[in-house]
Amino acid sequence: MVPTPVPSDPPSLPEEGLLTVLPFDAIPEIPLLTYRNPDPSTWIPPGTRVAVPLGRRTVAGLVWSVPAPPFDGTLRDIAGVLDPAPVFPSPLHTLVSFGAWYYKIPPGLLAKSALPPSLSLPKSLPASFWKAYGAPLEEEKREWTDLPPLSLAQSDALREWEEKRHHPFAPFLLRGVTGSGKTRLYQEMAKTALSEGSSVLVLTPEIGLVAPLLEAMRAISPLAEGIHSAQTKAERTRAFARILSGRVPVVVGPRSALFSPLSRLGLIIVDEEHDPSYQAYEGLSFNARNLAIRRAQDLGIPVVLGSATPLSDSIFHVSSGRYHGLSLPGRIGGRSLPAIHLIPSGSGSSPLPDPVPERIAASLDRGEQSVILLNRRGYVPTLLCRSCHTTLSCPSCAVRLVFHKVPDRRMICHSCASSYAVPSLCPTCLGRDLELRGTATQKLEEILGKHFPGARIIRLDADSAQDGQERLAAFREGEGDILVGTQVVAKGHDLPKVTYGVVLETDGMLAFPDYRASERAFGLILQLAGRVGRHREGGQVDIVTRDPDNPVLGWARDYNQEAFYKETLDERRLLGYPPFTRLASVILSSTHEAPIREALAERSPFGKFPAGNGIFGPVPALPPKLKNRYRAQVVIKGPTIGLVHNRLEQVRSYYQSRGKILVEWQIDPFDLG
DNA sequence: AGCACGCCGACT
DNA sequence: GTCGGCGTGCTC
Ligand SMILES: [Zn+2]
Ligand SMILES: [Zn+2]
């Protein structure tokens with residue numbers, strides 16, 4: 001979805017000696033503040049950091065390029081100019097203003113998220129920053145290798161892109177299965193931009209995926225900079241300084257790199273455009289993928305969205321002509337995608353029904369690797385009391401506590417991260433007959449260890465996130481035989497020796513009550529299939545399910561993306577979901593149950609509406625209690641962002657005026673769960 | 001009474 | 001975001 005344009009601010013300069021400042025702080029309503037410059041003979045250019053008094057504190061902020069609304073009170077002097085030069089160029093101010101307006105988030109916090117953390121403190125930058133800013137850029141020594149020639153499909157896609165990229169702005173959706181050579185095409189597109197004297201920004205959904213793309217970009221431009229997990233904070237700050245100096249031709253980074261101050265930007269690439277990580281962020285909700293489109297649109301430069309499993313929304317935009325479509329059919333070298341089979345879970349208690357164990361064994365025998373996806377971390381997800389049939393849940397949240405065996409035997413809440421000793425009595429009825437039920441990744445790792453003694457098993461989930469990169473590298477280097485993990489195992493990593501993949505607990509993913517649940521499950525299955533047999537022939541993937549007749553699983557088995565998209569889009573049109581409407585999710589919460597109960601008891605306080613256009617709810621939120629707050633959800637749908645904003649304001653004022661209820665929102669939420 | 005906690009308004 | 005002022009409800 002291309003966000004609709006925002007009316008631009010009236011062009012006027014602040015009065016002589018006055019400065020508009022955006023503090024790195026959440027000041028609702030009037031975020032831009034006016035200060036006096038005690039030394040009006042010195043011009044402080046927009047984007048310069050200044051220290052300003054705010055209440056009884058001194059905070060850092062940016063001199064802003066548009067004036068603040070007039071203020072009648074007494075103006076205060078700025079406390080000081082922090083840096084000798086701007087750190088946030090004015091073209092990016094427009095993007096921050098737009099993002100803050102569109103997502104209804106404080107622009108000060110958005111600007112703060114755009115800069116290395118140390119820049120939001122009211123302190124001057126160390127000499128090392130300005131040294132990195134000015135010092136000659138160092139090329140990493142590397143073997144110069146020839147890039148492989150383009151396939152016919154790659155050349156065709158490149159030519160099509162080159163022809164269309166300067167015509168009326170429209171994002172490009174580049175579709176291509178894993179191994180189809182999307183990265184090779186990114187290289188050629190970047191080369192084209194560089195040859196015209198432009199720079200290139202490449203975004204990845206998570207920091208762990210930066211390294212391979214950075215490597216690919218360094219092959220065409222040795223001065224490419226990455227923002228990656230191997231860097232220390234200081235290194236990242238110095239990388240920012242080099243980018244700010246205007247000499248870095250290519251930047252590869254995660255969501256936060258969206259605001260990289262590249263000069264002469266000529267191309268933006270958003271890899272894995274379907275990934276929900278572009279949206280998620282606690283407290284500050286904006287979509288980096290969509291803002292990247294906006295940044296490109298502002299500059300009139302091409303933006304390329306790449307994925308093997310695009311959002312249904314993107315598919316629709318291609319069919320409606322709003323996006324250009326590019327595609328790379330098939331894998332390079334004609335290698336086939338693995339065959340996918342649906343395996344009934346069976347009645348046994350084993351999480352690995354036949355023929356999964358034999359196929360893992362066969363893969364082991366051939367000296368190849370297997371990947372098993374189980375979207376559930378911990379050891380066992382449920383502690384059930386056989387006497388009163390309650391499950392142990394978090395005292396602060398309405399969710400089950402998950403039993404973890406490592407690093408300690410504890411009951412952990414996945415919503416608030418609090419942990420508790422494993423009880424020996426049921427806290428509800430004091431019964432002793434407690435049962436651990438179900439299987440999560442840690443237990444699966446244990447089961448596999450017993451089943452295949454001698455096999456080297458590596459687990460990858462949020463609990464192993466710290467050394468996740470090392471574990472993954474070890475597996476890639478062949479230091480493991482079976483990789484077990486949550487959805488991280490399906491993300492874009494290249495795992496050459498994998499020839500067998502298994503997806504467990506697909507039913508849970510499909511049954512999740514959200515309009516995007518089936519798209520996520522479908523995408524995850526095909527992404528896992530993309531990991532399998534990438535460099536070796538004859539791979540296969542098994543999907544374990546209680547519901548082998550489920551059409552979504554059938555389409556995944558047949559790689560029938562078009563049928564899936566058609567069905568999904570028909571359903572979304574009928575029920576009024578994106579891309580046929582814009583969404584906002586409003587969460588009402590309170591430490592007391594009563595205000596939420598009362599809000600829920602009111603039926604349709606905002607009126608009756610047709611499915612795709614109106615204010616719906618409140619309904620109990622998921623989970624209905626989180627971190628000691630009771631929660632309800634209101635969903636807003638509307639054909640235009642303006643209407644969604646108006647309705648949000650209506651909902652916000654309705655509940656905030658009654659007090660006791662905290663109102664939070666997400667514009668264009670990735671999902672409603 | 002004393003205090004922790006959450007809520008609310010102010011901040012140029 | 002962060003601070004102070006103020007009310008609620010709990011403990012010493
Ligand atoms: Zn019980
Ligand atoms: Zn909890």
Side-chain angles (χ1 to χ4, degrees), chain A residues 9 12-40 44 46 48-82 93 96-97 99-100 103-123 256 281-286 395-397 416 418 587-599 625-632 652-665:
Chain A
D9 299 284
S12 65
L13 290 166
E15 214 180 300
E16 193 76 3
L18 297 187
L19 292 168
T20 303
V21 175
L22 177 65
F24 297 127
D25 241 333
I27 304 170
E29 310 305 325
I30 310 156
L32 288 172
L33 305 179
T34 309
Y35 288 85
R36 287 186 316 215
N37 181 359
D39 180 10
I44 310 172
T48 307
R49 294 192 315 137
V50 288
V52 291
L54 184 65
R56 56 198 65 213
R57 298 173 299 144
T58 298
V59 301
L62 294 167
V63 175
W64 209 242
S65 47
V66 275
F71 175 63
D72 288 338
T74 324
L75 297 178
R76 301 172 80 177
D77 285 353
I78 61 164
V81 180
L82 293 170
H93 297 196
V96 166
S97 296
Y103 293 106
K104 297 291 168 219
I105 54 180
L109 295 186
L110 192 54
K112 183 179 179 176
S113 80
L115 295 166
S118 61
L119 299 227
S120 53
L121 304 173
K123 288 194 296 191
S256 63
Y281 191 67
E282 62 293 343
L284 192 65
S285 168
F286 65 92
S396 308
C397 314
C416 72
S418 59
I587 297 290
L588 315 175
S589 72
S590 170
T591 46
H592 301 278
E593 195 181 356
I596 297 301
R597 201 190 323 114
E598 285 157 22
K625 187 184 170 203
L626 179 65
K627 296 182 188 171
N628 280 317
R629 302 189 69 92
Y630 297 86
R631 292 155 30 98
R652 199 186 61 79
S653 61
Y654 184 76
Y655 290 107
Q656 272 178 358
S657 64
R658 317 201 305 182
K660 299 241 169 208
I661 291 182
L662 177 68
V663 185
E664 294 166 301
W665 55 85

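In what follows, every chain begins at residue 1, and chains take the letters A, B, ... in the order their sequences are listed.
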| field | Per-nucleotide protein contact string for nucleotides 3-12 of chain B (B base, S sugar-phosphate only, - none; heavy atom under 4.0 Å) | value | ---SSS--BB
| said: I need the full list of side-chain hydrogen bond (donor to acceptor under 3.5 Å, both in side chains) pairs touching residues 105-122 of chain A, with sequence neighbours left out, sorted by first then second residue. | reply: none
Residues 73-82 of chain A, side-chain donor-acceptor partners within the protein, below 3.5 Å, at least two apart:
| unit_1 | atom_1 | unit_2 | atom_2 | d |
| --- | --- | --- | --- | --- |
| A:Arg76 | NH1 | A:Gly55 | O | 3.1 |
| A:Asp77 | OD1 | A:Arg36 | NE | 2.8 |
| A:Asp77 | OD1 | A:Arg36 | NH2 | 3.1 |

| request: Report yes if the side chains of A:Thr48 and A:Leu62 come closer than 4.5 Å at any heavy-atom pair, otherwise no. | output: no
| field | Main-chain N/O of A:Leu588 paired to A:Arg631 side chain as donor or acceptor, under 3.5 Å | value | no
| task | Check for a donor-acceptor pair, side chain of A:Asp25 on one end and backbone N or O of A:Ile27 on the other, with a separation under 3.5 Å. | result | no
| query | Starting at the 5' end of DNA chain C and moving along, which residue's nearest nucleotide shows up first, A:Lys112 or A:Arg56? | reply | A:Lys112
